[in-house]
Amino acid sequence: MRSAGTSPSARHHVSEEDLRWAQAIFVMEEKHKSRLLAEFGRILEHKPIHVLDIPDEYQYMDPDLVAELERSVGSVLGIDGDTTP
């Protein structure tokens, strides 16, 4: 799993290499999907992009965000997103 942002100020801005590597792409909001398609449309033609509908209002690595991402991605993948022992 890799993490990258669509904003130019992201810690790691998503790259062509990231997208070629990915089998599936998860974004928090519809606007992130739109940005990716605008910049990398051809690369993304055959890649599933999942919009998780999580507001982009969290700080980097906020525990609440991490938990929400685990639940949401787990749900899309059909796996339990709970990482508690």
Side-chain angles (χ1 to χ4, degrees):
M1 181 183 302
R2 292 183 185 177
S3 174
T6 60
S7 168
S9 63
R11 288 177 187 247
H12 173 76
H13 184 74
V14 67
S15 70
E16 185 175 316
E17 178 184 335
D18 294 325
L19 297 173
R20 289 189 189 283
W21 172 85
Q23 292 179 353
I25 295 136
F26 295 86
V27 296
M28 292 173 59
E29 296 183 322
E30 189 67 42
K31 70 180 179 183
H32 301 133
K33 179 179 178 179
S34 296
R35 288 179 191 159
L36 289 176
L37 290 171
E39 189 172 348
F40 302 103
R42 188 160 182 245
I43 295 167
L44 297 171
E45 285 179 344
H46 303 289
K47 302 268 185 173
I49 302 174
H50 303 279
V51 180
L52 301 175
D53 292 320
I54 299 173
D56 191 9
E57 58 190 23
Y58 295 90
Q59 293 297 316
Y60 180 72
M61 295 304 291
D62 179 303
D64 291 334
L65 171 60
V66 172
E68 184 62 33
L69 288 169
E70 288 173 345
R71 279 190 297 274
S72 297
V73 171
S75 176
V76 170
L77 296 178
I79 57 174
D80 183 3
D82 184 10
T83 60
T84 56

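This chain uses plain numbering: 1 for the first residue, then up along the sequence.
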Any chance you could measure Asp53, atom CG, to Glu68, atom CD, to the nearest 0.5 Å? 10.0 Å
What's the spacing between His50 NE2 and Leu77 CG if we round to 0.5 Å? 7.0 Å
Leu44 reachable from Trp21 in the ILVMFWY side-chain graph, under 4.5 Å edges: no
Can you tell me how far NZ of Lys33 sits from CD1 of Ile25, rounded to the nearest 0.5 angstrom? 10.0 Å
Of all heavy-atom pairs linking Met28 and Asp56, the shortest is CE-CA, 3.7 Å
Tell me the closest heavy-atom pair linking Ala10 and Gly5, and the distance in Å. CB-CA, 3.7 Å
Carefully, step by step, assess Leu37 and Ile49 under the rule side chain to side chain contact (heavy atoms under 4.5 Å, CB included). CA-CA 10 Å; Leu37 290 171; Ile49 302 174; 3.9 Å; yes
Using the side chain to side chain contact (heavy atoms under 4.5 Å, CB included) criterion, which residues pair with His12? Sequence neighbours excluded. Ala4, Asp18
Does any pair with a residue in residues 37-47 pass salt bridge (charged side-chain N to carboxylate O under 4.0 Å, His left out), and if so which ones, sequence neighbours excluded? none
Should Val51 and Leu69 be counted in the same cluster of Ile, Leu, Val, Met, Phe, Trp and Tyr side chains packed under 4.5 Å apart? no
Hydrophobic clustering (ILVMFWY, side-chain heavy atoms < 4.5 Å, transitive) - are Val73 and Ile79 grouped together? yes
Can you tell me how far apart OG1 (Thr6) and NZ (Lys31) are? Round to the nearest 0.5 Å. 7.5 Å
With sequence neighbours left out, the residues meeting side chain to side chain contact (heavy atoms under 4.5 Å, CB included) with Ile43 are Glu16, Leu19, Arg20, Phe40
Could you tell me whether the side chains of Ser34 and Glu30 share a donor-acceptor contact shorter than 3.5 Å? no
Residue pair Glu29 / Glu57, side-chain heavy-atom distance below 4.5 Å: no
Using modelled atom types and a 3.5 Å cut-off, is there a donor and acceptor pairing between side-chain atoms of His13 and backbone atoms of Ser7? yes
Nearest atoms (heavy-atom pairs only) where Leu65 meets Ile54: CD1-CG2, 4.1 Å
